[in-house]
Each structure stands twice: as C-alpha cells, then as structure tokens.
There are 2 protein chains.
Amino acid sequence: MTTPGRGLHGHVLDTLGPAITAGEYPPGSVLRTDELAQQFDVSRSVMREAVRVLESMHLVESRRRVGVTVRPKSEWNVYDPQVIRWRLAGADRPHQLRSLTVLRSAVEPVAAGLAAKNATAQQCAELTECALGMVANSRGHRLEQYLFHDVAFHRVILNASGNEMFARLGDVVAEVLTGRTHHEVMFEDPDPAAVTLHVKLAEAVREGDAARAEELTREITVGALQELDILAP
Amino acid sequence: MTTPGRGLHGHVLDTLGPAITAGEYPPGSVLRTDELAQQFDVSRSVMREAVRVLESMHLVESRRRVGVTVRPKSEWNVYDPQVIRWRLAGADRPHQLRSLTVLRSAVEPVAAGLAAKNATAQQCAELTECALGMVANSRGHRLEQYLFHDVAFHRVILNASGNEMFARLGDVVAEVLTGRTHHEVMFEDPDPAAVTLHVKLAEAVREGDAARAEELTREITVGALQELDILAP
DNA sequence: TGTGACAAATAAGTCTGACTTTTTGTTCCC
DNA sequence: GGGAACAAAAAGTCAGACTTATTTGTCACA
C-alpha cells in the first residue's frame with residue numbers, strides 16, 4: 001500500500017513495529033536506544049528517528065534515565081494505517097478484522113446516506129461502473145477482479161459522502177476486503193445477494209434516495225459481519 | 001491533553017504541525033531540513049526527528065535531492081489525535097468540528113447498542129453516575145462541571161462497546177464536546193431535552209435494551225448536528 | 001533535431017564522538 | 001526514619017564529516 005522500508009529507519013520500523021503490535025514486548029517493557037541500535041546494526045541517530053515515529057503512534061514512550069517503554073494497547077493510535085497494517089499482519093488478525101468490520105458497519109451506512117445527497121454525476125457513473133464490474137466477475141472464480149471493483153466501489157461511496165473522516169477510511173476498508181479475499185477461506189464465488197445489494201446501492205445513490213442507500217449499506221455490512229461469525233464464531 | 005513540547009523536537013512540532021495543517025504551506029511546497037533547522041535554531045538531528053514524525057502523519061514526504069514536500073490534505077492521517085488537535089486549534093476549526101460531529105453521529109449509536117449488550121455492572125454504575133452529574137449541573141451556568149460529566153458519559157459508552165476502534169474515539173469526542181463549550185457560543189444552560197436523553201440512555205444500557213440505546217444516541221447526535229447548523233449554518 | 005550517455009550539483013541520509021540534562025536510586029547524616 | 005547531597009544511567013543535543021540517490025544540464029553522436 002504505502003512504500004515500505006524507505007531508508008534504514010524504515011527498515012527498523014518494519015521489524016520493530018510488528019513486534020510491538022504483536023505484543024512481543026509486553027506493555028511496560030523497557031528498551032534502550034543504544035541496545036536497539038546495536039541489534040539492528042544502525043547508528044543511534046537512525047534508531048532515534050525510528051523511536052520518534054513509534055512514539056508519535058503512541059506505541060512507546062521515551063523518558064530520560066528510564067528508556068523507551070512500551071505502552072499498553074489501549075493507548076495505541078489504532079487508526080494509524082501503518083499500525084493497522086502491522087496488526088493485520090500479526091497474530092491478532094482475526095480480532096482486528098472484527099473490530100474494523102464493526103467500524104465499517106457503523107460508518108458506511110451513514111456515508112452512503114450522505115453520498116446519495118452529495119455524489120457528483122461523475123461519482124455516480126463510477127459507482128455504476130464498479131457495480132457492473134462486480135457483476136461481471138461474480139462467477140467463475142474471478143475473485144481478484146471482483147475484489148478490485150468491490151474496493152473501488154466502497155472507496156467511491158466514502159469519498160462521495162463529502163466527509164473527510166469517512167473518506168480516509170477508504171484504506172481501512174480496502175485492507176479489510178483484501179484481507180478477506182486473500183487470507184480467509186474464500187474459495188467460493190461471492191454471495192449473489194451481496195452483488196445485488198451493491199447494484200441496488202449504486203441505483204439508490206444515483207436517485208438521491210438517502211434512506212434507501214443507508215438501509216442497503218446496512219444490509220451489506222450486516223452480511224460482512226455474519227461472514228466473520230461463520231468463519232470464526 | 002497529551003504532554004506538549006516534550007523536548008526540542010516537540011517544540012518544533014508544536015509550531016510546524018499547526019502551520020502545515022493550517023495550510024500555511026500549500027501542498028507541494030518544498031522545505032529544506034537544513035533551512036528549517038536554522039529557522040528553529042536547532043540541530044539537524046532534532047529537525048530530522050521532527051520531520052520523521054510529520055512524515056509518519058503523512059503531512060509531508062521527504063525525498064532525496066528534492067526536500068521535504070507538503071502532502072495534499074487528502075492524504076493526511078486525520079485520525080491522529082495530534083493532527084486533530086492542531087486542526088481544531090486552527091482556522092478550519094468549524095469545518096473540522098462538523099466532520100467530527102458527523103463521525104460521532106455514525107459511530108456513537110452503534111457503540112451504544114453494543115454497550116447495552118456488553119457493559120459491565122461497573123460501567124452501568126458509572127454511566128448512571130455521569131447522567132446524575134449532568135442533571136445536577138444542568139442549570140445555573142455550571143457549564144464546566146456539566147461538560148466534565150458529559151465527556152465521562154460518552155467515554156464510558158464508547159469503552160463499554162467492547163470495540164477498541166470505538167473506544168479510541170473517546171479523545172475525539174472529548175475534544176468536540178470541550179470545544180463546543182469553550183470556543184463556541186454557549187452561554188446558556190444545556191438543552192434540558194439532551195439531559196433527559198442521556199438519563200434515558202443510561203437506563204436503556206442498564207436494561208440491556210440495545211435498540212433503544214441506539215435510537216436514543218441517534219437523537220443525541222442529531223441534536224449535536226442541529227446545534228452546529230444553528231451556530232454556523 | 002532529437003536522444004542517449006555522462007557528469008555535476010544538490011539535499012537527504014548516515015555515522016561518530018563528545019557533551020548536556022534530567023531523572024532515579026543510593027547513601028549518608030541529622 | 002526522613003531528607004538532602006551525590007552518583008550513575010539513559011535520553012537528548014550538537015557539530016562535522018562523509019555517503020548516496022536523484023535530478024538536471026550538457027555534450028556528443030546519430
């Protein structure tokens with residue numbers, strides 16, 4: 001998604017970040033900058049920059065004479081895309097996936113309602129195109145192409161809502177949908193009912209029917225939640 | 001809220017962050033690390049750490065031979081509490097406040113519904129206590145005390161939902177509520193209807209009535225949205 | 001005229017070592 | 001036992017030298 005490992009400090013983050021978010025260092029653990037620098041075979045300046053980034057994510061806290069202490073999970077910036085990616089790649093992936101899907105179920109219906117009111121003609125066209133793409137790839141194990149249009153569809157909805165907080169959840173939704181297709185058991189073709197819902201949703205948005213758009217999206221997200229319950233009850 | 005200006009690099013951030021989020025440097029602007037270091041009268045290492053943090057917030061991008069370029073608003077990590085605070089302190093505060101209130105209106109009802117199912121006895125007690133505190137301070141210009149209980153109330157709801165993504169929005173809600181009381185025109189006592197809604201909500205959660213909790217919260221957030229429309233139509 | 005390779009300039013990236021500051025824990029004295 | 005002085009530890013800061021990637025410009029050649 002984003003460029004990984006840009007520079008030495010990026011490489012350090014790619015290792016330390018996942019380790020911390022995976023709970024490899026329990027909260028309260030104390031790390032020393034110099035020690036870490038040796039372990040990763042980088043200079044102190046590089047390690048300091050990495051620590052600063054982890055600190056800005058509220059994963060750790062750096063204090064004089066003490067060291068770099070790992071913060072409890074409840075204080076992490078769990079909306080940071082980087083943190084989300086690290087956690088999705090780790091052990092509590094199922095738990096994380098559920099949290100995010102619940103978030104989707106709260107946000108997307110409201111976003112769809114707003115999109116019905118605010119979407120431009122251009123966005124309506126894109127939406128219909130995405131829905132068409134989903135239909136066209138809904139059978140015959142064309143999961144990859146289906147996913148592509150599914151992600152694009154939800155991105156357009158979130159953007160069309162006109163709310164920047166919603167729009168920025170596009171990446172999160174993309175991660176969740178991609179994760180579902182790639183990592184979870186999903187050999188079968190997508191649920192035809194879900195495909196229909198997307199087509200109808202594109203329609204509702206185009207017609208400016210906010211209430212219907214909201215309700216349809218609610219059905220879509222309920223489906224996503226049920227899917228999780230089936231896979232990991 | 002969080003400790004401001006910890007160390008030199010923190011001080012730099014406290015100046016640069018607000019400046020960038022306020023649009024003082026339009027997207028695409030190029031900054032030079034050395035130049036900034038001189039301006040702020042700090043060493044290059046300190047400035048580099050600051051830039052790294054801004055980079056992790058996706059406010060800027062650092063590239064060799066080019067410099068530190070400011071990214072477009074659409075790429076910022078708008079869920080970063082620090083970024084939220086900077087923007088709330090800046091010029092587009094009204095716009096930001098609206099975005100966040102819309103987010104609340106999407107998330108809180110669902111969170112309340114979950115809270116009704118998952119809240120512990122302890123949390124139910126806290127909720128009732130907060131509601132009582134709101135009632136007790138709803139008249140006689142005791143805005144500060146009222147705010148305190150209001151913030152605590154919503155935090156408990158979000159925590160009790162059992163969803164960590166919701167729980168982490170507690171700070172955001174606190175900022176919005178605090179901002180409303182302190183910065184917006186709010187000389188009058190809070191709307192009695194809103195107070196009643198909170199009392200009823202505490203009741204619904206205690207009784208485990210998810211549907212009612214959700215509906216009551218929807219009414220609360222609708223009220224918050226209307227309030228914004230009245231203040232800045 | 002266009003194009004490709006090569007060279008120069010530039011700004012970030014990295015490393016090192018010396019020094020400062022804050023915090024904590026200990027010890028010693030009243 | 002409590003408080004003040006002291007010592008140690010780790011992060012914080014700085015300055016300077018060096019490396020590397022990227023861009024831009026130039027020049028020769030087709």
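Just so it is clear: chains get the letters A, B, ... in the order the sequence lines come, proteins before strands, and each one is counted from 1.
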Please encode protein proximity along nucleotides 10-20 of chain C as a string of B, S and -, counting only heavy-atom distances under 4.0 Å. BBSBBBBBB--
A:Gln38 atom CD, over 12 foreign heavy atoms within 6.0 Å: no
B:Phe40 atom CZ, neighbour heavy-atom count above 12 within 6.0 Å: yes
Atom-pair distance (CD on A:Glu35; C1' on D:dA11), nearest Å: 14 Å
Looking only at heavy atoms, which two atoms of A:Met47 and A:Val12 are closest? And how far apart? CE-CG1, 3.7 Å
Parallel, tilted or perpendicular: ring planes of B:Tyr79 versus A:Tyr79, cut at 30 and 60 degrees: parallel
Going by heavy atoms in the side chains, are A:Arg6 and A:Asp14 under 4.5 Å from each other? no
